[in-house]
Number of protein chains: 2
Amino acid sequence: MEMSTHNILDQMLSEAKLSKKDTAKQQRILHAAIALFAEKGFANTSTSEIAKNSGVAEGTIFRHYGTKENLLIAVIVPFLKQSLPMMAKEVFEEINPSKHARFEDFIRALFLNRMRFFRENKDIFRVVVKEFVYREELRTELLTHVNKEIVGYLNQALDYSKGKGELPDRPNGYLLKLIFPYIFSQFVIRFVLSAKEPDVPDEVEADAIVKFVVNGIRSC
Amino acid sequence: MEMSTHNILDQMLSEAKLSKKDTAKQQRILHAAIALFAEKGFANTSTSEIAKNSGVAEGTIFRHYGTKENLLIAVIVPFLKQSLPMMAKEVFEEINPSKHARFEDFIRALFLNRMRFFRENKDIFRVVVKEFVYREELRTELLTHVNKEIVGYLNQALDYSKGKGELPDRPNGYLLKLIFPYIFSQFVIRFVLSAKEPDVPDEVEADAIVKFVVNGIRSC
DNA sequence: TTAAAATATGAGTAATCACTCACTTTTTTA
DNA sequence: TAAAAAAGTGAGTGATTACTCATATTTTAA
């Protein structure tokens, strides 16, 4: 019901590094947990159900993870450990001035990159979104990490585009608050709320959204 | 755990009409339930907790609502019964050609109107958003009702603006899919995800978002 | 090969869950 | 005012929950 530590994500992200390799049963547990959490949510999934779906004794779950809460963390952490640095890398590469990237290209690349990543990890993405709605501490801690690892790069990208006159001279925080929710809401709709994905290619979908963002932000 | 009827919202919206007046205790139950559901979510709230917080015997809850699930419905339905028609009315009034409203004015009015309404019903809004993330049937049924009651008005508004050259000649569904998630995500961020509201007046906030939407959609 | 360590098991446990029901109290009706 | 109806109560119920632990099996190490 309640998180006991005060800095879960920090702790998680560092601890997860020194974890030994998973056993076969551990992987099956994680698989079943992800599928069930994604579909019914953490609170509506019982450990006995996870045990049954993964063909493992219930005790095995607690041998490895101690608590149900820790199992959730074991699901979320590797996803965030991948997600944040990959996004930072992508941002960094796309703003490389040698590419002479327009702001539009930057947004498009970012959008398509995250689209692919979230699709490949659709179930975990669903788990993360659903749990983040409920847990404020997770949200604020994630925000802290995003600030630390990504916002610096984003600021560079925005400043670069400002210099080329593609963005209005507004604080970056202001611009991000307008742009980011829009892109993210599209992912939530597509991967969490919609029953099935549209059969339009990503590039077509991206085009409309990128144009909307680029033209929308230009005159704010 | 599971909804038993196949058409909950339809049934709810009609049934709720002929409900007699609430007793004092019923109102206290609803109040406590809304607060608890909003904070911890439906699944993480127990009926005994609701009873305690409302100063009522647990049996009283079940006397009135039968099941915990029905209590949730009793919370959500009046909100939707207010929300949808009010939105339809607002849309209808703002597109009245005698007002010579620009598309920008229409979006601004809509945004400010919903902002006020959701703020006044912040807790219920949080309950609805949190539960809609989990329940697909609720989402699809709400969508059906929105289509029935609102989309007609929205189409009129969009066609009207198209005629004035303020919108590109694209299918209305396409335009709505670009505009609506953006506005809604701003409400979710503000009322569900953020710890506290910004101290900027609504009109200032609206200005940035409306400009973003209007300019974004113009060249899609 | 064998001892030790790690992994796996499932019956068992206390707590909590949504919900029931026989009963009392309050309100409505006639 | 008396009878009927409605509202309110709280101890009790079976089911389910997350979690434990003594024991068994498998893997690793010497």
Side-chain angles (χ1 to χ4, degrees), chain A residues 1-5 8 15 18-37 39-76 127 130-131 134-135, chain B residues 1-5 8 15 18-37 39-76 127 130-131 134-135:
Chain A
M1 187 72 70
E2 243 171 29
M3 295 292 217
S4 51
T5 26
I8 314 146
E15 270 182 12
L18 42 91
S19 70
K20 345 142 196 117
K21 212 177 248 149
D22 285 356
T23 65
K25 301 232 167 188
Q26 256 178 298
Q27 286 178 22
R28 302 185 58 185
I29 291 168
L30 285 176
H31 243 97
I34 288 169
L36 287 167
F37 291 165
E39 195 194 317
K40 323 197 304 166
F42 176 77
N44 297 318
T45 303
S46 68
T47 49
S48 71
E49 214 172 350
I50 297 168
K52 193 164 61 181
N53 276 31
S54 52
V56 150
E58 205 175 342
T60 308
I61 295 174
F62 289 94
R63 163 117 325 199
H64 284 296
Y65 301 101
T67 66
K68 189 187 166 194
E69 188 87 24
N70 284 347
L71 175 57
L72 174 67
I73 288 172
V75 166
I76 290 180
V127 174
K130 285 181 177 180
E131 282 313 303
Y134 278 93
R135 299 164 190 260
Chain B
M1 188 71 73
E2 241 169 34
M3 295 292 216
S4 52
T5 25
I8 314 147
E15 270 182 12
L18 43 93
S19 70
K20 349 146 194 110
K21 211 176 250 152
D22 286 356
T23 65
K25 301 233 168 187
Q26 257 177 299
Q27 286 178 21
R28 302 185 59 184
I29 291 168
L30 285 176
H31 243 96
I34 288 169
L36 287 167
F37 291 165
E39 193 194 319
K40 322 197 303 166
F42 176 76
N44 298 317
T45 303
S46 68
T47 49
S48 71
E49 214 172 349
I50 297 167
K52 193 164 60 180
N53 277 31
S54 52
V56 151
E58 207 175 342
T60 307
I61 295 174
F62 290 94
R63 162 117 324 195
H64 284 296
Y65 302 100
T67 64
K68 189 187 167 194
E69 188 87 25
N70 283 349
L71 175 57
L72 174 67
I73 288 172
V75 166
I76 290 179
V127 174
K130 285 181 178 178
E131 281 315 303
Y134 278 93
R135 299 164 190 258

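Letters A, B, ... mirror the listed sequences (proteins, then strands); counts begin at 1.
- For NE2 of B:H31, the number of neighbouring non-hydrogen atoms (other residues, nucleotides, ligands) closer than 6.0 Å is 12 at most.
- Evaluated for a side-chain contact (heavy atoms from CB on, under 4.5 Å) with B:I29, the options B:N53, B:V75, B:I61 yield exactly one hit, B:I61.
- To the nearest angstrom, P of D:dC19 lies 9 Å from CG of A:N70.
- Scanning all heavy atoms of the two residues, the minimum distance from B:F62 to B:K68 falls at CE2-N, 4.2 Å.
- As rounded to whole Å, 16 Å separates atom C1' of D:dA7 from atom CZ of B:F62.
- Rounded to an integer number of Å, the gap from A:F42 CZ to D:dT17 P is 13 Å.
- In this structure, CD of A:Q27 is placed 11 Å from P of C:dA8, rounded to the nearest angstrom.
- There is a side-chain donor-acceptor pair under 3.5 Å between A:E58 and A:T47.
- C:dC17 atom P lies 17 Å from atom CD of B:E69, rounded to whole Å.
- The interatomic distance linking B:E49 (CD) with C:dT16 (P) rounds to 11 Å, in whole Å.
- Within a 6.0 Å sphere centred on CD of A:E39, heavy atoms belonging to other residues, nucleotides or ligands number 12 at most.
- Rounded to an integer number of Å, the gap from A:K68 NZ to C:dA15 P is 19 Å.
- Aromatic rings from A:Y134 and B:F42 are positioned such that their centres are separated by 6.0 Å or more.
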Worksheet entry | Under 4.0 Å protein heavy-atom contact, by nucleotide of nucleotides 8-14 of chain D - B base, S sugar-phosphate only | BBB----
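- Side-chain nitrogen and oxygen atoms of A:S46 include none within less than 4.0 Å of the OP1 or OP2 phosphate oxygen of D:dT16.
- A close approach under 4.0 Å does not occur between any side-chain nitrogen or oxygen of A:S48 and OP1 or OP2 of D:dA18.
- A:D22 places its CG atom 10 Å from the P atom of C:dA8, with the value rounded to the nearest Å.
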